[in-house]
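Structure first, commentary second.
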Amino acid sequence: MDYANIEKKWNEKWERDGLYRFDEKNLDKKYYLLEMFSYPSGLNLHLGHWWNFGLSDSFGRFKRMQGYNVFQPMGFDSFGLPAENYALKTGIHPEDSTLRNISVMENQLKNIGGTFNWEYELITCKPEYYKWTQWLFVQLYKNGLAYQKEAPVNWCPSCNTVIANEQVVEGVCERCGTEVIRKNMKQWFFKITNYAERLLLGLDNLDWPQKTKLLQKNWIGKSIGCEVDFKTEDGQNTLTVFTSRVDTIFGVSWLVIAPEHPLLSKLVTPENKANVKEYVEKAAKKDEIARSSTNNEKTGVFTGTYVINPLNGNKVPLFVADYVIASYATGIVMGVAAHDERDYDFAKVYNVPVVQVIQPLNEGKVDLPYVEYGKLINSGEFDGLTSEEAKIKIVEKLEKIGAGRKKVNYKLRDWSVSRQRYWGCPIPIIHCPKCGAVPVPEEQLPVLLPRIHDYKPEGEGPLGKVEEYMSVKCPVCGQNARRDPDTLDAFVCSSFYQLRYPDVHNDKQIFSSEKINKICPVDTYVGGVEHATAHLLYSRFVTKFLYDLNLINFDEPFKRLVHQGMVLGSDGKKMSKRNGGKTADEYVNEFGSDALRLTMMFSMNYVDGGPWNDEGLKHMTAFMDRIDRIVSKWASLDGENNSQLNRKEEQDLEYARAYCVKEMTESFEVFSFNTAIARLMELVNAMYKYDKFELKNNVLAKNVALDVIKLIAPAAPHFAEELWQNVGEKYSVHNQKYPVYEKSKLIRDSVEVVLQVNSKIVARMEIPSSSSNQEAIDFAKSNEKIKSLIDGKNIIKEIVVPGRLIKIIVK
RNA sequence: GCUGGUGUGGCGGAAUGGCAGACGCACAGGACUUAAAAUCCUGAGAGGGCAACUUCGUGUGGGUUCAAGUCCCACCACCAGCACCA
């Protein structure tokens with residue numbers, strides 16, 4: 001069979017026939033399968049695309065043959081940095097390069113032979129899509145979840161531009177190598193922090209990889225503790241600290257305030273002003289990396305101010321130090337040298353007292369710092385309590401005297417969405433000197449992105465230079481106003497796309513129909529783990545927000561998530577053009593897409609990924625030939641039941657088929673494609689084994705052959721279709737039911753078990769499958785070898801694992 | 001540093017606590033062929049033995065169990081995420 005050449009024919013026919021069309025009228029058995037859409041950031045699909053799209057398409061085909069109405073739309077995440085960088089590199093306008101790349105990629109994706117529902121295609125950089133991105137922004141704004149504030153951005157002084165976090169590599173600009181500095185600019189934020197608790201709780205019910213849930217959990221970073229108010233000595237100011245270890249409060253020897261803290265200037269005494277000023281300026285210059293590095297020695301200076309511990313009245317000094325982060329919790333922390341690593345380091349340098357207030361429950365001696373829980377000492381009325389008890393009692397006391405309260409903090413920060421870039425969704429906000437920030441009225445959306453040619457990033461939104469874009473009347477008061485010159489982070493575009501697919505052609509409303517509630521949420525979502533704390537978190541936030549607006553009736557976007565591993569070069573390193581990676585198309589042209597898909601499926605574990613080796617393609621082609629030969633032969637047997645096989649042989653063949661069907665079904669379900677193909681190889685091997693009987697007429701053999709075609713159809717769709725036609729069956733194999741197995745066929749008359757004496761294998765024997773445990777032991781004892789080993793010895797124990805082993809322990 | 005994950009033949013990789021290495025590659029032998037390729041069949045973890053057989057084997061060291069790649073403890077190596085979050 002000429003694998004590469006049959007594919008075009010079938011692709012065309014399937015498309016003509018609309019074979020895989022999604023049936024909107026039959027939503028009860030819908031299955032929404034989605035792969036993370038790709039950036040049109042280059043021209044050629046590489047093996048990674050195939051790994052993602054091709055293999056999950058096989059999963060979709062499998063579901064389809066099981067009778068599901070599979071919805072598997074496809075689109076392009078076409079705004080944002082990857083597309084813009086490609087444009088900057090090639091000098092072609094982003095709109096042109098993006099649309100051209102999309103059309104090339106569409107064709108290549110069609111070559112996969114996927115069952116994608118192209119009628120629902122969406123492209124995020126098109127106005128009919130980004131209208132809804134802007135609509136989402138407006139809804140968030142109206143509900144108080146989009147706001148503007150001064151915030152630091154990454155600034156490259158050499159390129160004279162703001163750059164994204166992903167473009168900062170080890171503190172320097174990825175393009176020119178200049179050290180990146182932080183600069184404050186007015187930015188839009190989405191208040192994802194309002195949803196921190198729900199984003200955390202929702203994880204429990206998701207069928208997602210543990211790893212990913214944990215990444216999100218740590219990213220959200222919930223910390224339960226309390227706030228404690230320390231008054232300054234003069235009673236003029238209150239400094240509130242957050243601590244998760246209030247049980248150590250009697251060990252507080254100092255307080256530390258962050259250099260950027262707004263209260264700081266008020267708290268510095270005149271004689272310390274110069275020192276503190278110098279320190280704060282130095283800290284501001286340090287970039288994030290240097291400041292956050294752990295082996296960094298603790299530094300800080302005394303502010304001259306003393307504060308009073310509300311529980312024991314102790315007077316302790318206030319320091320300023322850059323190991324405290326202004327933006328987390330209150331920006332002030334208490335220093336307990338005996339029970340915190342960082343505080344201990346600080347105390348060593350500044351020679352402040354170390355007071356132990358916790359000891360281990362066994363009262364043994366400890367090396368400080370001791371950060372575990374234990375029993376309180378040197379803590380006045382709380383002595384003797386455990387840390388857990390003390391936390392409760394101390395908060396109660398603090399609340400009683402009005403000096404503290406329970407508090408929960410999260411590491412999660414609000415989502416920064418402003419980008420000083422051209423190639424993105426325009427922010428639908430008008431800044432009016434009188435009315436302030438006013439959202440563009442919904443009926444005026446979309447705000448179109450103007451086509452301009454001077455779009456190089458220069459620190460401010462390039463749109464700011466386009467007067468006809470910027471100049472606008474305020475929708476509220478009608479006065480002259482200005483548009484927002486920035487565009488939205490592309491993650492905004494992708495935060496709801498899966499909701500848009502089902503009703504993508506409706507340009508009046510986004511959540512108009514029952515369709516969305518019926519088709520969504522996504523049943524299985526396939527994509528890389530690298531989006532764990534970005535796209536996958538943002539989508540969950542947006543879905544919960546839309547749920548709160550009563551627009552949808554579910555509050556999680558993706559029920560089940562599967563991460564595909566990474567395809568590596570044959571040297572085990574990341575694939576690149578340099579180490580000779582061919583494009584996917586080159587493989588397809590030479591071997592055909594089915595061989596490529598099968599090879600990928602078989603040679604690596606889907607979740608782990610692994611090294612890719614061209615060799616595999618040759619072998620897979622040989623396997624396909626092998627199937628072709630035996631299946632063609634067996635399927636052409638006429639269906640008279642005139643078997644040359646005896647009962648045992650028939651049973652074994654039935655067993656081989658049933659076992660293969662069972663295992664393949666289970667493997668496909670969990671994306672374990674490599675073992676699925678292995679099981680199919682076993683069945684094919686079994687067919688060759690029985691082929692030596694020169695079968696002439698055999699119903700069983702014919703059915704096995706037809707089943708093999710169906711079983712391989714999801715993995716090698718063109719090959720299976722061709723084979724199906726060649727053996728004279730009616731088009732199309734893809735409309736056949738996926739084979740099911742009869743449980744009874746998995747039971748044969750007899751089964752081989754292992755006989756062990758004292759955990760050593762001494763023999764094997766065939767015993768009837770129906771044997772009870774006692775009968776099995778009796779069979780074992782009748783074995784000559786066993787007899788000789790247990791004769792005259794005490795039998796301590798007899799163990800039977802049905803169908804597997806019989807073990808006798810003797811002494 | 002913290003948190004997770006991984007570690008199995010020459011290679012890719014399999015194994016609900018129950019025959020380690022499924023399936024495949026590379027390898028060796030055989031059949032077919034004038035020959036080669038292709039195909040079909042057989043063998044194969046490592047060491048020792050002519051052989052029946054035997055010893056050792058899932059990163060290292062301990063433990064639990066009739067039985068451990070799998071569970072527990074400690075350690076080593078690599079990978080990923082977070083990175084002073086009080």
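So you know, we letter chains A, B, ... as the sequences are listed, proteins then strands, and number each from 1.
Within the 4.0 angstrom heavy-atom criterion, only backbone atoms of the sugar-phosphate kind lie near A/N605; the bases stay farther away. Contact annotation for A/R764: base contact, defined as any heavy-atom pair under 4.0 Å involving a base atom. Residue A/R629 is in sugar-phosphate contact alone, with no base atom involved, counting any heavy-atom pair closer than 4.0 Å across all strands shown. Nucleic acid contact for A/G803: none, since no nucleic acid atom lies under 4.0 Å from a heavy atom of the residue. If you check every strand for non-hydrogen atoms under 4.0 Å, A/E615 touches nothing. A/I799 comes within contact range of at least one nucleobase, with a heavy-atom separation under 4.0 Å. Among the heavy atoms of the strands lying under 4.0 Å from A/K411 is at least one base atom, whether or not backbone atoms are also near. Across all strands shown, A/L215 has heavy atoms under 4.0 Å from sugar-phosphate atoms exclusively, and none from any base.
The side chain of A/F602 lies closest to B/G24, out of B/G24, B/A15, B/C19. For A/T243, counting side-chain heavy atoms from C-beta on, the closest listed nucleotide (B/G18, B/A86, B/C41) is B/A86. In the set B/A22, B/C84, B/U3, the nucleotide with an atom closest to the side chain of A/L214 is B/U3. Comparing B/A22, B/C84, B/C25 by their closest approach to the side chain of A/H619 singles out B/C25. Between B/U55, B/A22, B/C66, one nucleotide has an atom nearer to the side chain of A/K760 than all others, and that is B/U55. Of the candidates B/C66, B/C40, B/C19, B/C40 carries the atom nearest the A/Y688 side chain, counting heavy atoms from C-beta on. Closest contact between the side chain of A/S759 and the listed nucleotides B/A22, B/C41, B/A67 involves B/A67. Taking the side chain of A/I325 as heavy atoms from C-beta on, and the options B/C84, B/A26, B/G81, the nearest nucleotide is B/C84. Candidate nucleotides B/G18, B/C25, B/G12 were compared by shortest atom distance to the side chain of A/S603, and B/G12 ranks first. Nearest nucleotide to the side chain of A/T675, out of B/A14, B/C66, B/A86: B/A14.
With a 6.0 Å cutoff to the six-membered ring centre and a 45° limit on the axis angle, A/K298 counts as a cation-pi contact of A/Y323.
Using the Watson-Crick or G-U wobble rule with both distances under 3.5 Å, B/A74 pairs with B/U60. Pair check for B/C82 finds B/G1; Watson-Crick or G-U wobble, both atom distances under 3.5 Å. In this structure, B/G24 forms a base pair with B/C11, meeting either the Watson-Crick or the G-U wobble geometry with both donor-acceptor distances under 3.5 Å.
Atom name C1', nucleotides B/G12 and B/C19: the rounded distance is 24 Å, in whole Å. Remark: the separation of the P atoms in B/C76 and B/C27 is 41 Å, to the nearest Å. When the P atom is compared between B/U8 and B/U3, the two are found 25 Å apart, to the nearest whole Å.
Proximity of A/D652 to A/Y690: side-chain heavy atoms (C-beta onward) are separated by under 4.5 Å at one or more points.
Between A/N674 and B/A14, a side-chain N or O to OP1/OP2 separation shorter than 4.0 Å is present.
For B/G61, the base is anti relative to its sugar; the glycosidic angle deviates from 0 by more than 90°.
One atom, CG of A/D625, and another, C1' of B/U39, lie 10 Å apart when rounded to the nearest Å. When rounded to the nearest whole Å, the span between CG of A/L746 and P of B/U16 equals 17 Å.
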Test log, rule salt bridge (Lys or Arg N to Asp or Glu O under 4.0 Å), inputs A/D691 and A/K633 | CA-CA 9 Å; A/D691 195 46; A/K633 186 170 171 193; 2.9 Å; yes
Yes or no on salt bridge (Lys or Arg N to Asp or Glu O under 4.0 Å) for A/E615 and A/K618, after CA distance, side-chain angles and deciding distance?
-> CA-CA 6 Å; A/E615 281 295 296; A/K618 233 170 40 201; 3.4 Å; yes
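Classification of the A/Y655-A/Y659 ring pair by plane angle, with boundaries at 30° and 60°, yields parallel.
Residue A/R245 places no side-chain atom within donor-acceptor reach of the base of B/A86, judged by atom type and a 3.5 Å distance cut-off alone.
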